[in-house]
Every structure is written in C-alpha cells, then in structure tokens.
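So the structure is just underneath, and the comments pick up after that.
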Amino acid sequence: MEKIADSSVLITGGAGFIGSHLAETLLRQECKVTVIDNFDHYYDPEIKWKNIEKIRNSSKFSFLKGSILDPESLLSVMRDVDVVFHLAARPGVRASVENPFLTANINIDGTLQVLENARKLDVEKLVVASSSSVYGNAKYRPTDEACPLNPISPYGVSKVATEIYCYTYYRLYNIPLTMLRYFTVYGPRQRPDMLMHKAISKVLRNEPPIIFGDGNQSRDFTYVDDAVQGTILAWTSKESVGEAFNIGGGGNITVNELLLLLIEECDKTGIVEPKHTEKALGDVQHTQANISKAREKLDYSPTIGVREGIKWMVEWYKAMYLSGAK
Ligand SMILES: NC(=O)c1ccc[n+]([C@@H]2O[C@H](COP(=O)([O-])OP(=O)(O)OC[C@H]3O[C@@H](n4cnc5c(N)ncnc54)[C@H](O)[C@@H]3O)[C@@H](O)[C@H]2O)c1
C-alpha cells in the first residue's frame, strides 16, 4: 500500500483491543504511529500494556500516556499527524447503564476535543469509532445505514451524539471525516468484559459460561482483522468523507449457537453447559449488518467466518492465559 507508507497517524485509545491491532497493522504498512491512551481502569491496564508490548520498541512508534479530555495532551499528539483514528472511549453497554455520566464524558466530550483540534489543525483525515448500538433494536435487518437511529442504552446514545457532532463539524468546517459503526468485534485481545472472552475463559476452566437471557438474541460478529481492514479503508477511500459505514462480519448467529461452537472448539462438549441468568438491561435483541455500502464505497470485504475466528481466539487465549507464558 504505497499511498499510506510513511504517513503519520494518531490512534486515540491505541492500547485497547481494536486500537492495538490497528497500530500493529499500520506499522507493518510502514506508517509512523502515535498512540494516546490513558490506560483507564475499565479493565485491567496491565492488559493494555501487553497489547502494545510487541510494538513499543518499534522506531516508528511513539506513545503518550494521557487523556483525550486533557486539551494539552491531545493537542501535543495531534499537532504533527496526517490522520487521526479516534477509538478512545468508555465502551460497554452495561457499564453505561451503571455510570451514564462517565460514558457521556469520555465518549461525547472526548470526541468534541478531537473534533476541535481537527478543525484547528487541518488534519487530512479523521476516522471515528461509532457502534452498531446506535440502531438499538433496529427497525429492520440486515440493517443498513439509512435505518433510524434508536439507541436503547446510554452507550448507544453517546455514539449517536458522537456521530451528530461529527456530521456537524463536517458541515461547519469541512473536516474530512468518516464514522464506522462496528458490529461486535472479537478476536485475540478482545476486552475481558465481552461475551466471547468471558465464555472462553470459563469454558476452558470447566466452568459454565453465563448467557444473559434465553440466548436467542443474535449478533453479527466481526473478526478484529476485518474491523481493522475496514478502518484503514475508511481512511484511504475517496468516497468515505462525511459518511457513516457499517463494519460487520456479514453473518448472524444466536448466542446459544455461538456458545455451542465455542464449547466444541474448546473440546468441552458434554463437559460444560451454559448457565442462563437475567437478560441484561440495555442489550439489544439482534444485530445484523447490511455491509453493501462499505463493500461498494470502501471496497470492504470481511474474510473471517465465526467458526474460524473462534478457533483463533481460543488458541490465543490458551497461549496468553493458560500456557504460563503471559
Ligand atoms: N469492541 C467492539 O466490539 C466495539 C463495537 C462497537 C464499537 N466499538 C468502539 O470501538 C472503539 C474501541 O473499542 P475497544 O473494544 O477496542 O475498547 P478498549 O476499551 O479496548 O479500547 C479503548 C481504549 O481507550 C482508552 N481510553 C479510554 N478513555 C480514554 C481517555 N479519556 N483518553 C485516552 N484514552 C482513553 C482505554 O484505556 C482503552 O485502551 C471504542 O470507541 C468502542 O466504543 C467497539
């Protein structure tokens, strides 16, 4: 990819799950990568250090431990970059139900800080992480980008607000920006609060994985490499400016089916069975992305199916947490 080699990029939240994969991929493509991350305590900051362990010594990598909510820190890293990937956020639907103020503060005010700097600094491109949560219980499926935004959690609201601010700054100042609605991303380094990570951790220890509700809720799962592919294409595509795109895996599977696959992949069929608890507040019933727009305009094409993706995630989990070698 000749075009992006030697570009200078900033990833906010680049020590997190998706951000650290993005950083690795961009370094492989010869970009100069800067990360700003405050290592917040939403989950163990040690995990985030590990996420960037392999790339920290790269001569093309630089890092600031700081918050996007601190204008000086943010300005110092945004000043000399061509492209900004804004991924820093308080993720998690349930966390947002518990502490809606914190979610709004990081996700909405944080985005506003990024937009204000982008306006002043004339960045070449800004790619912003949104979420399938903006649709809530979507009016139809597969859900395209024209579907009404109808969030049912404070997290979803924070991402709708993120998008509206982005559109507004695009119209006001013509900032070349693109928003990405990720659909449940999974794979190595997935956040420990997410379903697949929690389930693999339980199943491999012969403990019952927990399913919220009856398990008939379904998700479109996106393997992290595909999410990274879509994220980079949002930067390089000429047709992405001022638009939001679904970044999904292109499939749909119920949580019950997923757990069966996962138990099979862990070699625990007949040994462990899921346990059902109460449905979680704020969780949507189904997600399924129509990714035609991303296919057409970004040339996005997810390549990893759920069975294959689970296999790799289970292998990663074993190597990371069960081999003794962390
Ligand atoms: N993982 C998914 O399935 C998914 C789905 C939809 C949307 N998203 C969005 O994608 C982005 C990345 O998600 P993720 O799963 O990698 O989450 P993550 O929590 O692993 O990564 C987010 C990173 O942001 C950092 N951060 C939080 N507050 C910050 C602040 N004030 N200043 C600087 N850094 C800060 C955290 O320390 C963390 O490392 C988020 O915007 C999230 O809302 C993720």
Side-chain angles (χ1 to χ4, degrees), residues 10-24 34-52 63-74 76-78 84-93 95-96 99 102-114 117 127-135 151 153-163 166 179-197 219-224 226-228 230-231 234 244-249 284 287 289 309 313:
L10 171 71
I11 306 174
T12 73
F17 164 44
I18 302 174
S20 63
H21 281 279
L22 178 63
E24 262 174 29
T34 301
V35 158
I36 180 171
D37 199 301
N38 69 345
F39 287 73
D40 78 356
H41 283 71
Y42 177 59
Y43 61 91
D44 184 359
E46 262 306 304
I47 295 176
K48 299 175 189 179
W49 284 115
K50 291 220 178 303
N51 287 347
I52 55 167
F63 175 76
L64 178 72
K65 183 172 189 285
S67 173
I68 55 165
L69 293 169
D70 170 31
E72 276 180 30
S73 300
L74 187 62
S76 72
V77 286
M78 278 185 75
V84 177
F85 295 94
H86 173 42
L87 272 65
R90 165 62 50 122
V93 164
S96 79
N99 193 340
L102 191 57
T103 297
N105 183 227
I106 299 172
N107 297 6
I108 304 175
D109 298 350
T111 300
L112 201 45
Q113 293 282 0
V114 171
N117 280 325
V127 178
V128 178
S130 180
S131 166
S132 61
S133 299
V134 294
Y135 297 117
S153 68
Y155 172 72
V157 172
S158 78
K159 290 298 186 180
V160 172
T162 291
E163 289 197 12
C166 285
M179 295 142 278
L180 299 178
R181 296 173 182 164
Y182 297 120
F183 282 67
T184 321
V185 184
Y186 74 105
R189 303 189 206 138
Q190 192 194 42
R191 299 193 325 259
D193 61 309
M194 294 184 77
L195 168 71
M196 269 202 214
H197 188 128
R219 293 287 177 272
D220 183 334
F221 287 99
T222 316
Y223 194 72
V224 66
D226 289 328
V228 166
T231 307
F245 292 88
N246 288 341
I247 297 295
V284 303
T287 67
M313 193 170 161

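Position 1 is the first residue of the sequence, and the numbers go up from there. One-based numbering, in listed order, for ligands and for the atoms of each.
Atom 43 (O) of ligand 1 has its closest protein heavy atom at Tyr155 OH, 2.6 Å. In this structure, atom 39 (O) of ligand 1 lies nearest to the protein heavy atom Asp37 OD2, 2.6 Å. What sits closest to atom 40 (C) of ligand 1 on the protein, heavy atoms only, is Leu87 O, 3.1 Å. In this structure, atom 13 (O) of ligand 1 lies nearest to the protein heavy atom Ile18 CD1, 4.0 Å. Among all non-hydrogen protein atoms, the one lying nearest atom 15 (O) of ligand 1 is Arg191 NH1, 2.8 Å.
Selection from Ile11, Asn107, Asp40, Val224 by nearest heavy atom to atom 27 (C) of ligand 1 gives Asp40. Between Thr162, Asn38, Leu22, it is Asn38 that holds the heavy atom closest to atom 35 (C) of ligand 1. Closest to atom 22 (C) of ligand 1 by heavy atom, among Ser130, Ser67, Ala89, Ser73, is Ala89.
Polar contact check, Phe17 against ligand 1: a nitrogen or oxygen pair lies under 3.5 Å apart. For a threshold of 3.5 Å applied to N or O pairs, the pair formed by Tyr182 and ligand 1 contains no separation below that value. Between Val185 and ligand 1, at least one N/O pair is under 3.5 Å apart.
Ser67 OG to Asp37 CG: the interatomic distance, rounded to the nearest 0.5 Å, is 9.5 Å. Atoms CD and CG, on Gln190 and Leu195 in that order, are 7.5 Å from each other to the nearest 0.5 Å. With rounding to the nearest 0.5 Å, the separation of CD1 in Ile68 from OG1 in Thr111 is 6.0 Å. Here Ser96 contributes atom OG and Ile106 contributes atom CD1; the two are 11.5 Å apart, rounded to the nearest 0.5 Å. Within the model, atoms CE of Met313 and OH of Tyr223 stand 9.0 Å from one another, a figure rounded to the nearest 0.5 Å. Atom CG of Leu10 is separated from atom NE2 of His86 by 10.0 Å, given to the nearest 0.5 angstrom.
Residue contacts with ligand 1 for Lys159 involve side-chain atoms from C-beta outward but no N, CA, C or O (heavy atoms, distance under 4.0 Å).
At least one heavy atom of Met194 sits closer than 4.0 Å to an atom of ligand 1. Residue Ala15 places a heavy atom less than 4.0 Å from ligand 1. Heavy-atom distances between Tyr186 and ligand 1 stay at or above 4.0 Å for every pair. Within the structure, the closest approach of Phe39 to ligand 1 falls below 4.0 Å when heavy atoms are considered. Using a 4.0 angstrom heavy-atom cutoff, Arg189 does not count as in contact with ligand 1.
The ring of Tyr42 has its center no closer than 6.0 angstrom to the ring center of Phe17. Between Phe221 and Phe183, a ring centre-to-centre spacing not shorter than 6.0 Å is recorded.
Per-residue contacts place Gly66 under 4.0 angstrom from the following atoms of ligand 1 (heavy atoms of the residue considered): 32 (N), 33 (C). In the vicinity of Thr184, heavy-atom distances shorter than 4.0 Å reach the ligand 1 atoms 3 (O).
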